[in-house]
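In listed order, ligands and their atoms are each counted from 1.
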Amino acid sequence: MKAITVEPKKPGTARFEDFPEPEAREGSVLVEAVAVGVCGTDVEIVEGKYGWAPPGKTRLVLGHESLGRVIDPGPNSSFKAGDLVVGIVRRPDPVPCPNCAVGEWDMCTNGQYTERGIKEIHGFMSERWRSAPEYLIKVDPSLGILGVLLEPMTVITKALEQVLLVGQRSFWEPKTVLVTGAGPIGLLAALRLSLRDLQVHVLDRVETGPKPELVRALGATYHTGSVLDLGFEPDVIVECTGVGSVIADSIQKVGAGGIICLTGIGAGGVTGRATADMAAAAVLKNNVIVGSVNANKRHWYRAGENLARSDREWLSRLITRREKPENFQHALERQPDDVKVIIQFSEA
Ligand SMILES: [Zn+2]
């Protein structure tokens with residue numbers, strides 16, 4: 001079969017190549033790839049900045065935002081041939097830490113977890129892949145190709161759960177929510193928040209392209225420019241850019257008793273004075289800054305339900321480009337109007 005592989009930590013080594021069929025020990029369910037979403041992590045791995053091959057191997061099959069069709073359900077699963085499925089990305093660490101021991105691998109405390117397509121387990125950018133049944137989530141068949149959005153939806157399902165949990169620490173009646181960054185994660189956050197009794201605002205750099213219209217279609221308000229220039233103090237900010245200045249402005253702008261949920265990963269330091277000023281603002285307003293990454297099985301299950309209930313036409317507008325596997329390099333190149341780019345292996 002063919003797969004998109006990379007030698008991690010070595011830039012320029014990604015290729016679409018012949019690759020051995022998945023081994024039986026990788027799981028009893030055999031799946032045919034339908035599509036795989038591309039995100040910033042894939043770009044970083046291809047650029048040689050991140051990623052680990054499986055132990056004893058030099059190359060890693062890329063891809064963690066999967067959608068596939070079951071070819072062979074194997075002897076011990078409730079799946080049937082033809083079912084649409086997505087594969088869970090993270091596996092608990094082998095120790096395991098207390099969180100992994102109870103199935104909360106997203107909260108792993110020792111960092112020894114593994115992740116498909118990222119850390120020591122082959123990903124989903126191969127014509128066929130295998131999984132243990134307990135790490136597969138069945139996709140509502142009416143979603144079709146839109147099932148490829150399930151993994152991004154898990155990230156936001158967990159993040160919003162964290163916000164709700166933090167909110168319970170006091171009497172809490174949030175009215176305004178700001179989402180910073182109108183990429184797939186930010187837009188899915190806006191989608192979920194727009195179903196609640198909240199005024200939803202989304203801020204992004206771009207003034208044209210599909211993002212402003214996607215936000216307005218949710219009944220939400222689209223902004224460009226600085227967070228500091230907004231005419232209100234958000235009760236909740238879901239930060240999806242990872243940009244230092246946006247994070248700093250968010251911490252300054254959020255209202256008293258506010259919650260800032262950080263989901264973006266950026267780089268770059270901060271001065272001691274800025275840290276102290278941000279901390280002072282958080283103390284004086286009882287604010288909480290909560291980081292959120294990955295998702296565990298209950299988030300995957302709920303994300304599947306949430307996606308199945310979402311407006312198909314709106315979801316379909318998130319997928320702005322489909323590329324063939326042999327054109328994967330093109331899929332990884334960011335274009336101005338991209339929201340979600342997918343690599344399509346077969347028809348849904
Ligand atoms: Zn762990």
TODO: Assess the side chains of Q199 and T176: does a donor N or O sit below 3.5 Å from an acceptor N or O?
DONE: no
Open item on the list: Any salt bridge linking E104 with R298? Criterion: basic side-chain nitrogen under 4.0 Å from a carboxylate oxygen.
Closed with: yes
TODO: Pull up every protein N/O/S atom sitting under 2.8 Å from the Zn ion (ligand 1), skipping waters.
DONE: D93 OD2, C97 SG, C100 SG, C108 SG
Task: Any side-chain donor near an acceptor of the partner, E161 and H299, under 3.5 Å - done: yes
Task: Pair W105 + Y135: ring centers closer than 6.0 Å - done: yes
- [ ] Decide yes or no for E32 and S346: does some side-chain heavy atom of the first lie under 4.5 Å from some side-chain heavy atom of the second?
- [x] yes
- [ ] Would you kindly say whether D106 and N294 are connected by a side-chain donor-acceptor distance under 3.5 Å?
- [x] no
